[in-house]
Every structure is written in C-alpha cells, then in structure tokens.
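As structure tokens, the structure follows; a few thoughts come after it.
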Protein chains: 2
Amino acid sequence: MKKDKDASTEEKIIEAARKVFTRKGYAATRTRDIAQESGLNLALLNYYFRSKEKLFEIIMAEKVVQLFGTIAPIVNNMDTSLEKKAGDIADAYITMLVNNPGLPLFVLSEIRNNPQMFGDKIHAGKILTESYFVKQIQERRPDINPLHLMLNLLGMSIFPFICQPVLEGANVITGRAFESLVAERKNLIGIWFNALLEA
Amino acid sequence: MKKDKDASTEEKIIEAARKVFTRKGYAATRTRDIAQESGLNLALLNYYFRSKEKLFEIIMAEKVVQLFGTIAPIVNNMDTSLEKKAGDIADAYITMLVNNPGLPLFVLSEIRNNPQMFGDKIHAGKILTESYFVKQIQERRPDINPLHLMLNLLGMSIFPFICQPVLEGANVITGRAFESLVAERKNLIGIWFNALLEA
DNA sequence: GTCTATAACCTGATAGAC
DNA sequence: GTCTATCAGGTTATAGAC
C-alpha cells in the first residue's frame, strides 16, 4: 500500500480523481475539486491526462472492473458447489464494498447517464448468462429463469450499499453499526440463497 | 391523464423536467435540455420557477414521495399478515417501477450527492424501524435484526430496476422481456420472503 | 515538471421587445 | 405570457514563465 508520501504526481492525481469522481459523479465534479484534493494545481491534470473526460475514463474503467470483476473467478470455478459459490460471492462483494461503499451507485449511475459508452465493455453479460454458476443454477432449478436467482443473490449483497446514503441520512443505521450489519450478511446470504433454491 | 395537447405551460415544463432530471440527474441536466424537451424556451423556466434549483426541488420532492410513499399504507396496515404484506409490497413496488424504472437510481444518487439536503425529509426511517410490518417481523424472528429482512425484500423488488441500464447495455435482457421478468417477480417475491422467514 | 494567468467556452439567469 | 438577445459567472483547457 503506497502512501501519498512517495506517490508520483500522476498517481496523486489518479487517487484524487478516484475519490472525487466516485463521491460526486462525473457531471458534478469540477476539475478544480480534483486539483485541490490532490494538493496540486489545475494545469497538471491536463498535462498528465489531456482532459477531464480522459481522466474519468481511466477511473471508470477501473471501477467497472472492480464491480463486475470481483466475482468473475468465483462464478467460473468448476470445483465448487452451487451453495459454496453463493456464499463466496456474498463474502467477496461485501468484503470489497465495505472498503468501497459508494462503488455500485457510482458505476450504475454513470452507466445510466451514458449507456452507449459501455454496452460491450461490460462482461456482466457473461457472468449473468454464460457462467458456470448460472449453469449450476439451471441444473438445480430448470423451472425458473436463473436471472431471478442471480438478481436475488446480487441484490442481497449489493443493495444495502446502494441504500447506505439513505440509511445514514435517515439515521436508520450508521457508521460502525452499518458495517457490522453487512458483515453479518457475509454468512447469512449463503443460508438465504439455499432457502431460495428450495422455495 | 392529461396529455400535452391541453397541458398548461407550467405543466409542460414540469413534465419535461421530470423526464430530463430523472434520466440524467441534477448536475448533468442543462436548463436548455428541459426547455427543448418541453418545446418552450429557456426564459420561461425562470419565469415560472425562478431557478433550476427550485424546479429540481419540486421534482425531487415528488419523486421521494413516490419512492418511499408507495408502501407506506401497506406496512402500517394492521389487518394483514406478515406474508400478505410482503407480497403486497413487492406488487406495489414493481407495478409502480415498471412505469418509472429510473426512479430508484435517480433518487438514491441525488441523496448521495446531497445527503444533508434530506435527512429528516425522508420517512424511510419510520418504515424501516417503526412500522407495523417491522414489528411483525420481530415477533416472528426475534433472533435476527429485522433490517436484514427489510433489505432483502426491498432489494428483491427494487434492485432489478437499479440494474436495468446494465442489463440493457450488456444485452442480458431488454425491453419487453425485462418487463415480463419483473412481472413474474410480483408473485415470486412473496414466496421467497416466506422462505427467508423460515431460514 | 510545475506553476500563475488567461483564453475559450458553457450555463443559469435576466432585460426588454412584443 | 412568451420570445430573442445578452449578461455575469463559472469551468475546462492552454500559454508561457520558471
């Protein structure tokens, strides 16, 4: 884990851009915010990255991989059971999202704002339709569209983080308590998913 | 259902603002976009609503009520069982969201972008902690934080709509097929929620 | 490579004719 | 009430000194 102390100027800008873009979205962030957050000045952003848009594309590509790539190795593992995979997926997502709580809302909003910009760039399609995990679901429950169960599993893992700003704002559950709650879910979701497989 | 033909100028602007704000979010919409969408000119927006921000506040307040108010009458109904309520909530949300698929992503993003602006304005707190529905969950499963089951139920209902732009963009499921899929869930979610209650 | 100053452009809001 | 033209301020990007 490199720290700011010895980070290159380029890396300082990237790190600041990560923070600001993911917190406020593309349209609402000002390049001045990124410059200030990085402790550097505005001109350097263009010196290193040519434009706000180019800088954004770098961050966005990185975040798309982070969101959709987290479970890629799990869903195509041919050596684990359906039940094990479900638990692994929940665990992987929650562990990653506790450190990046704003990630899903950021990526999904930006895709909404610019649908044509992605499309093919997202391997979510493969995970949701062609993965070994989906095949295992189909074998177990040939009577139901496997997408239903995928959405339930991903929703149970990711949805709490999408709601976090509301839960915080409405004082339903905040800070550490929220983190404890989602940590509990690492184990519960596997159990719940099994129940859904039987239902 | 009034149509544009006899809608007042004020209503034309509101209707255009609804469309543009919910599709692109506050920061990314230009008042010019709203003017064009309404078929009117820029100056009229300020004539009727003073500023972009005031116009936005009207739309946002409306959308917050739409998102959080949809299930308010259901969760406090003292005459229905836990199981019935779960099915009713799924049905109410999905029915409403098929006509407003972008609503959750819009409202949740804007709250993230401006957390302090809301906070108290959202009765989500009451629904998630003080509703009769939550009491019924606690009675049935005193061993688990009822928020877990609320998040699962709301996630199963709402999460597919949050993913819709990705599902469309990655060609996983589009248009009519998506609508059929979520329609199926109106009945399935009640069954699934019962399974979670037992798990 | 890094900075300050500024150009070029865009956006929200208004003035004023009709 | 509605429109065109325009202002004032902010934002991205660049020029040019160091």
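Below, chains carry the letters A, B, ... as their sequence lines are ordered, and counting in each starts from 1.
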Derivation and outcome, salt bridge (charged side-chain N to carboxylate O under 4.0 Å, His left out), residues A/E57 and A/K52 = CA-CA 9 Å; A/E57 278 165 16; A/K52 178 188 175 184; over 6 Å; no
Rounded to the nearest Å, what distance is computed from the [atom1] atom of residue [X] to the [atom2] atom of nucleotide [N]?
X: B/R30; N: D/dG9; atom1: CZ; atom2: C1'; answer: 15 Å
X: A/L45; N: C/dG1; atom1: CG; atom2: C1'; answer: 14 Å
X: A/F56; N: D/dT11; atom1: CZ; atom2: C1'; answer: 17 Å
X: B/Y48; N: C/dA13; atom1: OH; atom2: C1'; answer: 17 Å
X: A/D33; N: D/dG10; atom1: CG; atom2: C1'; answer: 12 Å
X: B/Q36; N: D/dT2; atom1: CD; atom2: C1'; answer: 18 Å

Indicate whether OP1 or OP2 belonging to D/dC3 is found under 4.0 Å from a side-chain N or O atom of B/N41.
->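 Checking B/N41 against D/dC3: at least one side-chain N or O falls below 4.0 Å of OP1 or OP2.
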Determine whether more than 12 heavy atoms belonging to other residues, nucleotides or ligands lie under 6.0 Å from atom NZ of A/K186.
->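 Correct, the count exceeds 12.
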What is the ring orientation for A/F106 with A/F56, classed by angle as parallel under 30°, tilted 30 to 60°, or perpendicular over 60°?
->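 Judged by the thresholds at 30° and 60°, the geometry between A/F106 and A/F56 is perpendicular.
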What orientation do B/F178 and B/F161 show, parallel under 30°, tilted 30 to 60°, or perpendicular over 60°?
->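 Rings of B/F178 and B/F161: perpendicular, over 60°.
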Could you tell me whether B/F49 contacts a base, only the sugar-phosphate backbone, or nothing, with contacts defined as non-hydrogen atoms closer than 4.0 Å?
->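 Nothing: the residue B/F49, judged by heavy atoms under 4.0 Å, touches no strand.
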Every protein N/O lying under 3.5 Å from an N/O of nucleotides 13-18 of chain D:
residue: D/dA13; atom: OP2; partner: A/K52; partner atom: N; Å: 2.7

Closest heavy-atom pair and its distance - A/L197, A/R141 |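 Here A/L197 and A/R141 meet closest at O-NH1, 2.7 Å.
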Run the salt-bridge test on A/E130 and A/K135 with the 4.0 Å N-O cut-off and return the result as yes or no.
->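 Between A/K135 and A/E130 there is no salt bridge, as every charged N stays at least 4.0 Å from the carboxylate O atoms.
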